[in-house]
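The next block holds one structure in the form of structure tokens; read it before the comments.
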Amino acid sequence: MSGTSTEAATSTEMDKRFDPQSYEQAWQRRWAEKGYFKAEAPSDKPSYCIPIPPPNVTGKLHVGHALQSTLQDLLTRWRRMQGYNALWLPGTDHAGIATQLMVERHLVTEGTSRQQMGREKFLARMWEWKEQYHGNIREQLDLLGASCDWTRERFTLDAGLSRAVREAFVRLYEEGLITRGEYMVNWSPVLGTAVSDLEVETKTVQGKLYHIAYPVEGSDERIVIATTRPETMLGDTAVALHPEDERYLHLHGKAAILPIVGRRLPFVPDAMVDREFGTGLVKITPFHDPNDFEMGRRHKLPGISVIGPDGRMTAEAGEDFAGLDRFEARDKVVQRLKDEGYLVKVEEHTHNVGHSQRSGEPIEPLVSTQWFCEMRGMADLALEAVRDGRMQLMPESWDKTWEHWLTNIKPWCISRQLWWGHQIPAWYTEDGRCIVARSFKEAAAQAGTEQLTQDPDVLDTWFSSALWPFSTLGWPDDTEDLRTFYPTSVMVTGFDILFFWVARMAMTALHFTGEVPFYKVHLTGLVRDAEGVKMSKTKGNVMDPTDLVGEFGADALRFTLASLDSPGRDIPLNRNQIAGYRAFGNKIWNATRFALSRVGEDARVRETIDAAGLAAPERWILSRLSRVAAEVSEQLEIFRFDEACNRLYHFFWGDFCDWYIELSKPALFGDAPRPQVGDVVLTVLDRALRLLHPVMPFLTEELWQRLAGHEVIHPETICLAPYPRREEGWDDPAVEAGMDALIQVVTRVRALRAEMGLSPKAKLDLHFQADDDAVARLLEEQAPLIRFLTRVETVTRGAAPEGARRDLVAGVEIGVAVEKQEMSDEERGRLVKELEKLDGDVARAEERLSNPDFLGKAPAHVVEGGRAKLAEMKERQAALRSSLGLS
RNA sequence: AGGCCCGUAGCUCAGUUGGUUAGAGCGCUACGUUGACAUCGUAGAGGUCAGCGGUUCGAAUCCGCUCGGGCCUACCA
């Protein structure tokens, strides 16, 4: 590590190019050893806590994680420097389905399966995996510079969290909110488990609509029924029609005969039937369609399960079909209908079909005994919390979506037919009683016997995730951590898991703790590739954060991600941009290198500096610094990471490097000494690095350690140094105005030189006049600097001589006199064009300023500004006309 | 079907409660090895703010409609 913070560490040791690899991980290790990121409980400081959205324990971080981690770390570091007792609480999720699938796929390559292994052995294997991959997440977060408190790391299946899960389950059960029952669920035949509504993805598919004739009992009449799923007819138990449908009034009280099977299907009138669709008659399959299930309940119809959990037809489907895959059965049923003359017609039909989000196949709605959690009451709490502002969604455009989803919430199917997860704390006695308890011991006591069998199902992963903000802090116990950090401050996560996770955390938190889980939710967009296309393995456009860190350094990646996080927008990540911010890192590096080589031996970082005795350039940069410090925190307060980064970028590169360093050169080189220049350079660098530290932690620490006198700010590390704030004593609007004029004059002179086609070395003289005397005096005072920056021979206050090229910027009239030279046609043309445009602007401004409506209704300052502007435009008009030799 | 978001320079995006000549980065053009940085410097070109209508003294900004793109929710068998 080069950051040894010794006096000897000077620019002579600094490479011309910065090399993030050479110091990033060294600092990460040092910070960890020193324990800088360990939060206190209890603490006298105000608390700030961000619970990490726990990544999959066996997973790999993708750029979306990198984005969210960057923002969380940025906030945590910023608050820590501001003096908060900041805790970024890390952890991982067992991710039931995903992880189990991963291991099961691996087992296939070994020629075995979880069924062959049995539950106990399989789980042992899962834990081995977990142990093997567990370190990956931390490694990758370390690469990014994450300042997590690893002493508080949690895992959703660890003892503490498992206890919280059982406690929550038992309480909800005792409150009657968790129940077990036989309902229609979304079944994934591939996964072999029920899934929640959220895990079903609706896809529009091109299917077929089959029209089937059903004979009417006791007559020759045949009615026609349309269906997209003919195989389910084997489980039909009724035919529904609209009660007022005049076409079918004669069918009331009668029954149809189910083709192939011969079952008698009573006609049931139900207003839910759409008379316009198909024939207005609907087959009812209570056990294989959610609507039919409801209708079956209303009309007390029996149900028949003809499709089993494996997606194959059951014995009840009849011996011709039993054992067939559901889609094979469809073909066979259609063939039979055709053969037997029941198939009327087949139409192409586009419709929406639910697919399993995780495994891709069409979801099979079927009836199954599962555990459900009633969410209505908890949803109302979550609605209320956002409505009254206790919990704030950002951007707040999500409020409506929040309202809509929570208003229409349905019971949550929380049981999964998996093994990897929290096994449901319910036990069954031999005589079939169900005991829900916190432990086997408690269950046995309640049951009066130890002959108990635990429910084999596990809970939906999101059930444990829902408790994350408080379970990680020790709930249900009343712990010091919980008292110190709960409710937590911010949740940073993707909008894609707003309902899966954020809403459920809000609901359980309000229910169990009576408090919101966090005060603010910052929802990020989706990271996309440079073309705006969603990254996916199949498209091959995935960018791996680890590779990006290797190529550009963590700081560049962090800065890029943070600066792209604009509210409500996706993030198009593009390598050029990361390279651009790596260049920014190089700029910071070289600016520091230059400063250290020139400030002189006595220069030191100062806690503060009295601006009174300083020259204008120093007063200017301190004033700018003060303003930027205020703005950056303002932007971070409202989660405008993009704006905060922009301010930092432009301050450092624009104000500090492009102008201040240039302005300080004559002083630093001893050509025109100014008071305390070296101290100012170091002090500005110190604060600028501190301002940048939350975004670029490594580079800033590496450089800050080299600044002579940095110890007065903090003895050990920039991580714990105070975050710079506005410094009232440095605010100097007058000097900012004057220096702004100077900058514009310099820029304009350079432009004129280029426009006039003069070589950079051509000799010329500058004259200037300004209405504002303070500005004029500053320009006069700083004439040597103007000469240095524009390479003019002389700078004179006063009117420009005849024939000078004239212009006006920032209220300063300038004239550039050059030895007699013909104006080129090109230059003349450009000037004429410029003048024409100005003439138009003047005309428009005059018109507006003579409009009584405008004068009467617009606020005074707008009118005032318009007049000043017009006056200036006219002056410039005159200057340009003079340049052209027009009177 | 309902809801939400987006459409601004070649590209990716900022633009606060309506108020000067609409900004940035990258890219592009010209010039430049002046004692930090070619991962650089100086200057420049480039936009009828998707379209139409309305409100207003004044609209990229507010309202309505149209077109285009994306996302979420939904039981049309």
Side-chain angles (χ1 to χ4, degrees), chain A residues 11 14 16-18 202 209 225-229 232 240 272-274 276-279 281-285 289-295 349 351-352 395 397-401 403-405 408 495-496 498-499 525-526 530-532 534 556 563-564 566 568-574 576-577 579-598 638 640 642-643 646 649-650 657-658 661-662 665 669 747 750-755 757 759-761 788 791 837-838 841 844-845 848 851-859 861-863 865-866 868-870 872-873:
Chain A
S11 67
M14 287 178 76
K16 204 165 159 182
R17 304 157 69 101
F18 89 129
T202 315
L209 189 61
I225 287 172
T227 179
T228 54
R229 298 199 59 193
T232 64
M272 200 161 77
V273 177
D274 179 356
E276 307 301 317
F277 188 88
T279 58
L281 292 167
V282 191
K283 65 196 252 338
I284 302 298
T285 318
D289 181 281
N291 294 321
D292 293 6
F293 184 74
E294 291 303 315
M295 216 181 279
H349 182 64
H351 61 141
N352 298 322
S397 54
W398 287 102
D399 285 6
K400 282 191 180 177
T401 314
E403 279 283 329
H404 183 257
W405 191 74
N408 296 295
F495 67 86
D496 51 325
L498 183 61
F499 302 132
L526 197 67
E531 276 75 46
K534 195 169 168 174
S563 67
L564 286 173
S566 295
R569 277 198 104 109
D570 284 344
I571 287 116
L573 187 59
N574 146 359
N576 287 339
Q577 202 154 3
Y581 288 121
R582 179 182 54 188
F584 180 48
N586 190 56
K587 189 77 182 175
I588 298 171
W589 177 270
N590 275 293
T592 307
R593 188 166 76 96
F594 169 75
L596 293 178
S597 72
R598 295 291 174 182
I638 55 172
R640 286 305 301 263
D642 57 338
E643 285 291 338
N646 278 335
Y649 184 92
H650 287 112
C657 295
D658 291 345
I661 286 185
E662 294 307 316
K665 279 180 179 173
F669 293 147
T747 304
R750 286 168 175 167
L752 285 175
R753 191 194 284 276
E755 280 175 26
S759 92
K761 283 164 190 159
F788 172 72
R791 320 202 98 223
K837 184 168 173 285
L838 196 53
D841 290 343
R844 262 196 310 279
R848 195 157 65 119
N851 181 344
D853 281 335
F854 174 69
L855 297 173
K857 293 180 182 174
H861 74 273
V862 173
V863 177
K869 189 68 215 171
L870 176 61
E872 194 173 331
M873 283 193 292

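The sequence lines fix the lettering, A, B, ..., with proteins before strands; numbering per chain opens at 1. Side-chain atoms are counted along with the backbone in the values below, which use heavy atoms only and exclude waters and symmetry mates. Computed from a predicted structure; not experimentally measured.
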Distance below 4.0 Å between [X] side-chain N/O and [N] OP1 or OP2:
{"X": "Arg640(A)", "N": "G15(B)", "result": "yes"}
{"X": "His349(A)", "N": "C76(B)", "result": "no"}
{"X": "Thr747(A)", "N": "U42(B)", "result": "no"}
{"X": "Lys400(A)", "N": "G2(B)", "result": "no"}
{"X": "Lys587(A)", "N": "G41(B)", "result": "yes"}
{"X": "Lys283(A)", "N": "A77(B)", "result": "no"}

When you compare [N] with [M], how far apart are their [atom1] atoms, in angstrom units rounded to a whole number?
{"N": "G69(B)", "M": "A50(B)", "atom1": "C1'", "result": "11 Å"}
{"N": "C49(B)", "M": "C6(B)", "atom1": "C1'", "result": "14 Å"}
{"N": "U55(B)", "M": "G64(B)", "atom1": "C1'", "result": "11 Å"}
{"N": "C31(B)", "M": "U16(B)", "atom1": "C1'", "result": "39 Å"}
{"N": "C13(B)", "M": "C5(B)", "atom1": "C1'", "result": "15 Å"}
{"N": "U61(B)", "M": "U17(B)", "atom1": "C1'", "result": "11 Å"}
{"N": "U39(B)", "M": "G27(B)", "atom1": "P", "result": "11 Å"}
{"N": "G41(B)", "M": "A59(B)", "atom1": "C1'", "result": "40 Å"}

Nearest whole Å is fine: how far is [N] [atom2] from [X] [atom1]?
{"X": "Phe584(A)", "N": "C26(B)", "atom1": "CZ", "atom2": "P", "value": "12 Å"}
{"X": "Ile588(A)", "N": "C40(B)", "atom1": "CD1", "atom2": "C1'", "value": "15 Å"}
{"X": "Glu755(A)", "N": "A30(B)", "atom1": "CD", "atom2": "C1'", "value": "13 Å"}
{"X": "Leu855(A)", "N": "G58(B)", "atom1": "CG", "atom2": "P", "value": "13 Å"}
{"X": "Ile661(A)", "N": "A36(B)", "atom1": "CD1", "atom2": "C1'", "value": "7 Å"}
{"X": "Asn851(A)", "N": "G58(B)", "atom1": "CG", "atom2": "C1'", "value": "9 Å"}
{"X": "Leu752(A)", "N": "U42(B)", "atom1": "CG", "atom2": "C1'", "value": "14 Å"}
{"X": "Asp570(A)", "N": "C72(B)", "atom1": "CG", "atom2": "C1'", "value": "13 Å"}

Which nucleotide wins on minimum distance to the side chain of [X], given the candidates [options]?
{"X": "Asn576(A)", "options": "A36(B), C26(B), C72(B)", "value": "C26(B)"}
{"X": "Arg598(A)", "options": "A77(B), G35(B), C37(B)", "value": "G35(B)"}
{"X": "Ala583(A)", "options": "G25(B), U39(B), C37(B)", "value": "U39(B)"}
{"X": "Phe495(A)", "options": "C71(B), U39(B), A77(B)", "value": "C71(B)"}
{"X": "Val273(A)", "options": "A77(B), U42(B), C37(B)", "value": "A77(B)"}
{"X": "Ser397(A)", "options": "C5(B), A36(B), C75(B)", "value": "C5(B)"}
{"X": "Arg582(A)", "options": "G25(B), A74(B), U39(B)", "value": "U39(B)"}
{"X": "Tyr649(A)", "options": "C37(B), G41(B), C26(B)", "value": "C26(B)"}
{"X": "Pro572(A)", "options": "C76(B), C13(B), C37(B)", "value": "C13(B)"}
{"X": "Asn590(A)", "options": "U73(B), A77(B), A36(B)", "value": "A36(B)"}

Under 4.0 Å between any heavy atoms, over every strand shown, what does [X] touch: base, sugar-phosphate, or nothing? Just pick one.
{"X": "Asp274(A)", "value": "base"}
{"X": "Arg229(A)", "value": "nothing"}
{"X": "Glu294(A)", "value": "nothing"}
{"X": "Asp496(A)", "value": "nothing"}
{"X": "Glu403(A)", "value": "nothing"}

Working for side chain to side chain contact (heavy atoms under 4.5 Å, CB included), residues Ile571(A) and Arg569(A): CA-CA 6 Å; Ile571(A) 287 116; Arg569(A) 277 198 104 109; over 6 Å; no

Distance (rounded to the nearest 0.5 Å) between [X] [atom1] and [Y] [atom2]:
{"X": "Trp589(A)", "Y": "Phe584(A)", "atom1": "CH2", "atom2": "CZ", "value": "15.0 Å"}
{"X": "Phe495(A)", "Y": "Leu498(A)", "atom1": "CZ", "atom2": "CG", "value": "10.0 Å"}
{"X": "Cys657(A)", "Y": "Phe594(A)", "atom1": "SG", "atom2": "CZ", "value": "10.5 Å"}

Minimal non-hydrogen separation, Leu209(A) against Thr228(A), with atom names: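 Smallest interatomic distance, heavy atoms only, reads CD1-CG2, 3.8 Å.
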
Atom of Ala845(A), atom of Leu870(A) and distance for their closest heavy-atom approach: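 Answer, listing the atom of Ala845(A) first, then Leu870(A): CB-CD1, 3.8 Å.
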
base_contact_polar (U42(B) base, Arg750(A) side chain, donor-acceptor, <3.5 Å):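 No pair found.
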
Base of A36(B) paired with side chain of Glu662(A) (donor-acceptor, under 3.5 Å):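 For Glu662(A), whose side chain was compared with the base of A36(B), there is a donor-acceptor pair (under 3.5 Å).
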
Donor + acceptor pair across side chains of Asn851(A), Arg848(A) (<3.5 Å):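 The criterion, which ignores hydrogens and geometry beyond distance, is not satisfied for Arg848(A) and Asn851(A).
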
Ser563(A) and Asp642(A): side chain donor to acceptor below 3.5 Å: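 Looking only at side-chain atoms, Asp642(A) and Ser563(A) do not form any donor-acceptor pair under 3.5 Å.
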
Residue mapping more 5' on RNA chain B - nearest nucleotide basis, Lys16(A) or Thr279(A):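 Going by which nucleotide is closer to the 5' end, it is Lys16(A).
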
Derivation of the side chain to side chain contact (heavy atoms under 4.5 Å, CB included) call for Glu294(A) and Asn291(A): CA-CA 5 Å; Glu294(A) 291 303 315; Asn291(A) 294 321; 5.8 Å; no

Electrostatic pair Lys665(A)-Glu662(A), nearest N-O below 4.0 angstrom: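 A salt bridge links Lys665(A) with Glu662(A).
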
For RNA chain B, the dot-bracket pattern of Watson-Crick and G-U pairs whose distances stay under 3.5 Å, | for other-strand partners: (((((((..((((.....[...)))).(((((.......))))).....(((((..]....))))))))))))....

Verdict with reasoning, Lys283(A) to Thr232(A), per side chain to side chain contact (heavy atoms under 4.5 Å, CB included): CA-CA 9 Å; Lys283(A) 65 196 252 338; Thr232(A) 64; 2.8 Å; yes

Donor-acceptor pair, side chain of Arg753(A) and main chain of Arg791(A), under 3.5 angstrom: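 Yes: the side chain of Arg753(A) pairs with the backbone of Arg791(A).
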
Leu526(A) backbone acceptor or donor facing Asp570(A) side chain under 3.5 Å: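 Yes; at least one donor-acceptor contact below 3.5 Å.
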
Per-nucleotide protein contact string for nucleotides 16-23 of chain B, where B marks a base within reach and S marks sugar-phosphate only (heavy atoms under 4.0 Å, - for neither): ---BBB--

